[in-house]
Amino acid sequence: MLWKLLVRSKPCRLFFFRKMQSTPKYKPFLAYFTTDRQSNKENKRTVETLYKFSVDIRKIRSLKGWVLLEDETYVEEVANILQELGADEAVIASILERCPEAIVCSPAAIDTQRKLWQLVCKNEEELVKLIEQFPESFFIVKNQENLKLNVQFFQELGLKNVVISRFLTTASNIFHNPVEKNKETIKLLQESYLNVGGSEANMKVWLLKLLSQNPFILLRSPTTIKETLEFLQKQGFTNFEILQLLSKLKGFLFQLCPRDIQNSISFSKNAFECTDRDLKQLVLKCPALLYYSVPVLEERIQGLLKEGISIAQIRETPMVLELTPQIVQYRIRKLNSLGYRIKDGHLANLNGTKKEFEANFGEIQAKKERPLFNPVAPLNVEE
């Protein structure tokens, strides 16, 4: 059964090849230099054409040397397509060096892929930039028909093309799903949002934000999503509170399984020595208490305690747990340089994004450096 699942999960590629050997994780030093015997096995026409486009053959040999052994390659055709899109010689060389599989992609398959990506790209210049940054996402795909149908579905949902193009490059697995599966997941998310008190008027905005921030929610099974919501209801969270969590955590909430959430809840309850009701309030202030694993929570709490911060202070401002120990140490040192003792005060000045912290730090610094002005004191004015 396991081997069947593995076979199904292997991505199909745009190209066809007869035999491909897996590349070892670590290569001996001499492997980076081709021997005469290896060189004789390589397709000389392929190598010569690659040289013609200023491609560093050594990089291809060390990365995916098997492509040089293929009888049928399309170096010139691939390069011509990229040139037609506006790529210069340096860009073409860079693409082929980082994604050698491109040279065994059929021109017809590449042309189809180009048309599909142009559905969401403003122009050819933008398309070339995407291919240059993410060549594997362009030249390797599981199913082009799935890709086309999913792009159309996302456009119908109201996602902007710039967001869909980001999905193509950084979350390409969601396009491997049959469009029916993605539609089923979207429908469940919409129903879940309405069932916990969300309004029809706000649902579309919520859904688009969720997908924009976490498209990988589409890789979760509908069953898992249902189980997560049911578990939170069993933990005593009201529909309104679950709606708050959905709004704050977006799709990340659905990446958790009930067992992991239970472990995090149990740990937090013991660490903060609080009741179920108090813990719920902490979670609503800092939903990351559900999202972070027990080892991560333990590390962050211990890091704060080592800096002299008390459990009571953390309970008052639990959002500080969203910061890594390294960030906490850096911010405390900066605040200490101004004479601000974080362990004696509120953690609000330690909390927040980098931009928010720098803004708070600047205000504290300005107050410290601002001279005291006495309106009664006489002014020394030279006549």
Side-chain angles (χ1 to χ4, degrees), residues 11-21 23 34 38-152 161-162 164-170 172 175-176:
C12 301
R13 299 177 185 268
L14 284 173
F15 51 82
F16 171 79
F17 55 89
R18 289 176 299 282
K19 185 176 180 182
M20 173 180 170
Q21 294 181 345
T23 307
T34 183
Q38 289 172 317
S39 181
N40 289 334
K41 291 181 180 179
E42 292 176 351
N43 185 324
K44 292 183 179 179
R45 183 183 63 83
T46 299
V47 173
E48 289 171 0
T49 311
L50 287 169
Y51 275 129
K52 173 184 170 183
F53 289 100
S54 303
V55 176
D56 189 338
I57 305 297
R58 292 172 301 177
K59 290 183 179 179
I60 292 184
R61 284 178 179 139
S62 64
L63 185 63
K64 300 283 175 65
W66 60 267
V67 301
L68 300 176
L69 306 178
E70 291 296 306
D71 295 330
E72 191 172 9
T73 58
Y74 307 95
V75 180
E76 196 137 14
E77 292 86 344
V78 173
N80 287 339
I81 291 173
L82 293 171
Q83 281 179 335
E84 289 172 6
L85 291 173
D88 59 26
E89 187 176 278
V91 169
I92 292 171
S94 173
I95 290 172
L96 297 183
E97 287 167 0
R98 290 180 295 117
C99 184
E101 299 100 316
I103 69 172
V104 286
C105 294
S106 73
I110 295 176
D111 189 56
T112 300
Q113 192 78 334
R114 175 185 62 78
K115 291 175 182 175
L116 290 174
W117 280 48
Q118 283 182 322
L119 293 174
V120 295
C121 290
K122 289 185 296 186
N123 48 47
E124 291 183 343
E125 182 182 357
E126 182 182 296
L127 177 57
V128 169
K129 285 181 180 178
L130 288 177
I131 297 174
E132 183 182 8
Q133 290 177 307
F134 307 95
E136 287 196 354
S137 296
F138 180 80
F139 289 106
I140 301 174
V141 74
K142 186 173 183 180
N143 186 306
Q144 288 183 316
E145 186 61 23
N146 273 351
L147 174 58
K148 178 183 178 181
L149 293 174
N150 278 308
V151 166
Q152 291 172 345
N161 284 339
V162 66
I164 300 174
S165 66
R166 177 160 53 82
F167 290 173
L168 284 171
T169 55
T170 60
S172 57
F175 295 95
H176 298 173

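Atom CD of residue Glu101 and atom SG of residue Cys105 lie 7.5 Å apart, to the nearest 0.5 angstrom. In this structure, NZ on Lys129 lies 8.5 Å from CG on Asn123, to the nearest 0.5 angstrom. Residue Leu127 holds its CG atom at 9.5 Å from CD of Gln113, rounded to the nearest 0.5 Å. Distance check: Ser172 OG to Glu136 CD gives 9.5 Å after rounding to the nearest 0.5 Å. If you take CD on Glu72 and OG on Ser106, they are separated by 9.0 Å, rounding to the nearest 0.5 Å. A distance of 11.0 Å separates CG in Asn150 from CG in Leu116, rounded to the nearest 0.5 Å.
A donor-acceptor distance shorter than 3.5 angstrom exists from the side chain of Asn146 to the backbone of His176, with no hydrogens or angles considered.
Summarising the geometry of Arg61 relative to Leu68, their closest heavy-atom pair is CG-CD1, 3.5 Å, with the distance given to 0.1 Å. What you find for Ile110 and Ala102 is that their closest heavy atoms are CD1-O, 4.3 Å. Here the closest non-hydrogen pair linking Ser137 and Thr169 is OG-O, 3.1 Å. In terms of heavy atoms, Pro107 sits closest to Ile81 at O-CD1, 4.1 Å. In plain terms, the two heavy atoms of Gln144 and Thr112 that are nearest each other are OE1-CG2, 3.6 Å.
Residues that satisfy the side-chain hydrogen bond (donor to acceptor under 3.5 Å, both in side chains) test with Asn80, not counting sequence neighbours, are absent from this structure. With sequence neighbours excluded, the residues that form a side-chain contact (heavy atoms from CB on, under 4.5 Å) with Gln133 are Leu130. For Glu124, there are no salt bridge (charged side-chain N to carboxylate O under 4.0 Å, His left out) partners two or more places apart in sequence or in a different chain.
Within the structure, salt bridge (Lys or Arg N to Asp or Glu O under 4.0 Å) pairs that include any residue of residues 105-115 comprise Asp111-Arg114, Asp111-Lys115 (at least two apart or interchain). Within the structure, side-chain hydrogen bond (donor to acceptor under 3.5 Å, both in side chains) contacts touching residues 45-54 (residues at least two apart or in different chains) are Asn43-Thr46, Thr46-Thr73, Lys52-Glu76, Ser54-Glu89.
Counting heavy atoms from C-beta outward, Lys148 and Phe175 have side chains that stay 4.5 Å or more apart.
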Residue pair Ile103, Tyr74: steps toward the side chain to side chain contact (heavy atoms under 4.5 Å, CB included) verdict: CA-CA 5 Å; Ile103 69 172; Tyr74 307 95; 6.0 Å; no
Go through the steps for Trp66 and Val104 under the test side chain to side chain contact (heavy atoms under 4.5 Å, CB included), then give the verdict. CA-CA 11 Å; Trp66 60 267; Val104 286; 4.1 Å; yes
Assess the residue pair Phe139 and Ile131 against the criterion (side chain to side chain contact (heavy atoms under 4.5 Å, CB included)); give the C-alpha distance rounded to whole Å, side-chain angles, the decisive distance to 0.1 Å, and a yes or no. CA-CA 9 Å; Phe139 289 106; Ile131 297 174; 4.0 Å; yes
For a side chain to side chain contact (heavy atoms under 4.5 Å, CB included) check, start with the C-alpha distance between Leu147 and Gln152, then their side-chain angles and the critical distance, and finish with the verdict. CA-CA 9 Å; Leu147 174 58; Gln152 291 172 345; over 6 Å; no
Let me have the donor-acceptor pairs involving side chains of residues 90-99, under 3.5 Å, with sequence neighbours excluded, atom names and distances please.
from	atom 1	to	atom 2	distance (Å)
Ser94	OG	Arg98	NE	3.2
Ser94	OG	Arg98	NH2	3.4
Glu97	OE2	Asp56	N	2.8
Arg98	NE	Ser94	O	3.3
Arg98	NH1	Glu132	O	3.1
Arg98	NH2	Glu132	O	2.3

